[in-house]
Colleague: 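Take a look at this one; I'll ask things after.
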Amino acid sequence: MEKITHPFTRKNVFFGVLDRNLKKLENRLGVSLSIRGESLIIDGDPKKVEYAKAYFDKIHELEEKGHDLKEEDFHIALDLFEEGQGKPLDNYFPAEALNLSRKSVTPKSLNQQDYLQAIRTRDVVFGIGPAGTGKTYLAMAMALSFFQNKLVSRIVLTRPAVEAGEKLGFLPGDMYQKINPYLRPLYDALFDLVQADHANRLIEKGMIEIAPLAFMRGRTLNGAFIILDEAQNTTKEQMKMLLTRAGFDSKVVITADITQIDLPQPAKSGVLHALKILAPIKEIAFCTFTEKDVVRHPLVQKIIKAYQKAEAKAAP
């Protein structure tokens, strides 16, 4: 075991909320971290301690250059550090915030940051990864930012209406009440980012449309920010239909978790087909998320890993 002292002054950033940030960094670096006065104490296996010291040296360099690092920036920096020195850390900081009417949104991992950059610069973006990695939430935040800055004139949010392994049976009410359960996650993300009364006004005026994928057929959507959520449950025909709806000055973001396909024949998922045939098109961005990007309860990362291991063992 080895213990070293690293000079640091911004100890409030390490502690975060209820020591959350310090504990996260401990888990990722495999060392014990503690604050003593104005210094950071690194304790553990000599190789891991040396690695952690090199990481904090880089963090110190960023702060010396005037970067005001937030909690999530420490983890984005660690993502980059783990990848080696191919990507200069300075190019990624500070992470640009999306300032919306209700809250400010910033990426919390390198993959999330790359995802936002892809949405800014490409007209069609696929976000592929497990639940809780921010695919839909960040796409919604970008859609609202584009609308707020008058880069698009409307937002179209859509999902395929496929039951997730459950038979819901007869649903009472009119058509919109029947389809509402399928669209609820999109409403949840929207109302978390925008005041409910403002969001409802935009929906009433048709500036934000939330509808099942089947409603998109036969339309051409100009000047729209289109989000197709849960795309793993589309058929090949549905995926082609959605991708060809985009008109001039439109942007399309497609989110999918290919480990949770609820179609009767999962191999025929429209998103799996699209990933194969569209990969050569340079103007389309494909962003992949992993369990490291999960921003829900920390236990969710471990649960995802456990299922991935079990599925890998079960695979023929």
Colleague: Looking at Leu190 and Met140, what are the two nearest heavy atoms and their distance?
Modeller: N-CE, 3.9 Å
Colleague: Can you list the residues that meet the side-chain contact (heavy atoms from CB on, under 4.5 Å) rule with Leu272, with sequence neighbours excluded?
Modeller: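 Per chain and number, Leu272 pairs via side-chain contact (heavy atoms from CB on, under 4.5 Å) with Ile258, Ile261, Ser269.
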Colleague: I need the Leu78 CG to Ile59 CD1 distance, nearest 0.5 Å.
Modeller: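 Here the rounded value is 8.0 Å.
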Colleague: Going by the ring pair (Phe, Tyr, Trp, His ring centres under 6.0 Å) test, which pairs reach into residues 105-142, not counting sequence neighbours?
Modeller: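 As it turns out, the ring pair (Phe, Tyr, Trp, His ring centres under 6.0 Å) pairs with a partner in residues 105-142, which skip direct neighbours, are Tyr115-Phe289, Phe126-Phe286.
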Colleague: Any ring pair (Phe, Tyr, Trp, His ring centres under 6.0 Å) pairs touching residues 20-51, not counting sequence neighbours?
Modeller: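 Pairs touching residues 20-51 that pass the test: Tyr51-Phe81.
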Colleague: Only pairs at least two apart or in different chains count here, so list each salt bridge (charged side-chain N to carboxylate O under 4.0 Å, His left out) that has a residue in residues 220-229.
Modeller: Arg159-Asp229
Colleague: So, the side chain of Ser250 versus the backbone of Gly223: is there a donor-acceptor pair under 3.5 Å, distance only?
Modeller: yes
Colleague: Contact between Phe147 and Val194 at the side-chain level, heavy atoms closer than 4.5 Å - yes or no?
Modeller: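 Phe147 does not reach Val194 side chain to side chain.
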Colleague: Indicate yes or no: at least one non-hydrogen side-chain atom of Ile35 is less than 4.5 angstrom from one of Leu40.
Modeller: yes
Colleague: Sequence neighbours excluded, which residues qualify as side-chain contact (heavy atoms from CB on, under 4.5 Å) partners of Ser109?
Modeller: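 Ser109: side-chain contact (heavy atoms from CB on, under 4.5 Å) contacts with Asp79, Asn111, Gln112, Asp293.
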Colleague: Hydrophobic clusters here meaning ILVMFWY residues chained together by side-chain heavy-atom distances under 4.5 Å, can you tell me if Leu221 and Phe248 are in one?
Modeller: no
Colleague: Rounded to the nearest 0.5 Å, what separation is found between the CD1 atom of Ile254 and the NZ atom of Lys135?
Modeller: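 These two atoms lie 13.5 Å from each other.
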Colleague: Check whether Asp45 reaches the backbone of Lys47 with its side chain - one donor and one acceptor, N or O, closer than 3.5 Å.
Modeller: yes
Colleague: Is any side-chain heavy atom of Met142 less than 4.5 Å from a side-chain heavy atom of Arg120?
Modeller: yes
Colleague: Within a 6.0 Å radius of atom OH on Tyr307, are there more than 12 heavy atoms belonging to other residues, nucleotides or ligands?
Modeller: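 Result for OH/Tyr307: open.
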Colleague: Between Arg201 and Asp197, does a side chain to side chain contact (heavy atoms under 4.5 Å, CB included) hold up when you go through it step by step?
Modeller: CA-CA 6 Å; Arg201 283 198 301 271; Asp197 57 345; 4.0 Å; yes
Colleague: Hey, what do you get for OG (Ser145) to CG (Leu138), rounding to the nearest 0.5 Å?
Modeller: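 Here the interatomic distance stands at 11.5 Å.
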Colleague: Is there a donor-acceptor contact under 3.5 Å from the side chain of Gln232 to the main chain of Asp257?
Modeller: yes
Colleague: Which pairs count as salt bridge (charged side-chain N to carboxylate O under 4.0 Å, His left out) when at least one residue sits in residues 244-254, sequence neighbours excluded?
Modeller: Asp123-Lys251
Colleague: Any heavy-atom pair between the side chains of Leu228 and Leu243 that's under 4.5 Å?
Modeller: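 When only atoms from C-beta onward are counted, Leu228 and Leu243 do not touch, as no gap falls below 4.5 Å.
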Colleague: Does the side chain of Leu278 come within less than 4.5 Å of Val124's, by heavy atoms?
Modeller: no
Colleague: List for me each residue that meets side-chain contact (heavy atoms from CB on, under 4.5 Å) alongside Ser32, sequence neighbours excluded, and say none if there are none.
Modeller: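 If we apply the side-chain contact (heavy atoms from CB on, under 4.5 Å) test to Ser32, skipping adjacent residues, the hits are Glu26, Asp43.
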Colleague: Considering residues at least two apart in sequence or located in another chain, which fulfil the side-chain contact (heavy atoms from CB on, under 4.5 Å) criterion with Lys268?
Modeller: Gln265
Colleague: Residues two or more places apart in sequence or in another chain: which of them pass side chain to side chain donor-acceptor pair (under 3.5 Å) with Gln148?
Modeller: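 Gln148: no side chain to side chain donor-acceptor pair (under 3.5 Å) contacts found.
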Colleague: Under the side-chain hydrogen bond (donor to acceptor under 3.5 Å, both in side chains) definition, can you give me all pairs with a residue in residues 271-289, not counting sequence neighbours?
Modeller: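 The answer is none; no pair qualifies.
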Colleague: Rounded to the nearest 0.5 Å, what's the gap from CG on Leu263 to OG1 on Thr234? Could you check?
Modeller: 7.0 Å
Colleague: Side-chain contact test, heavy atoms from C-beta onward, threshold under 4.5 Å: evaluate it for Phe225 versus Leu144 and give yes or no.
Modeller: no
Colleague: If you look only at pairs with a residue in residues 211-224, which of them pass as a side-chain hydrogen bond (donor to acceptor under 3.5 Å, both in side chains), with sequence neighbours excluded?
Modeller: Glu209-Arg219
Colleague: Would you give the length of the straight line joining atom CE of Met239 to atom NZ of Lys236, rounded to the nearest 0.5 angstrom?
Modeller: 12.0 Å
Colleague: Quick one: do Leu157 and Tyr187 satisfy side chain to side chain contact (heavy atoms under 4.5 Å, CB included)? Show the steps, please.
Modeller: CA-CA 9 Å; Leu157 311 170; Tyr187 281 102; over 6 Å; no
Colleague: If you define the side chain from C-beta out and look only at heavy atoms, does anything of Tyr55 sit under 4.5 Å from Ile42?
Modeller: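 In short, these two side chains do not touch, never coming nearer than 4.5 Å.
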Colleague: When rounded to the nearest 0.5 angstrom, what is the spacing between OG1 in Thr158 and CD1 in Ile226?
Modeller: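 It comes to 9.5 Å.
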Colleague: Got a sec, which residues hit side chain to side chain donor-acceptor pair (under 3.5 Å) with Ser104, two or more places apart in sequence or on another chain?
Modeller: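 With neighbours one apart ignored, the set is Asn99.
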Colleague: Report yes if the side chains of Val156 and Phe215 come closer than 4.5 Å at any heavy-atom pair, otherwise no.
Modeller: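 Not in contact.
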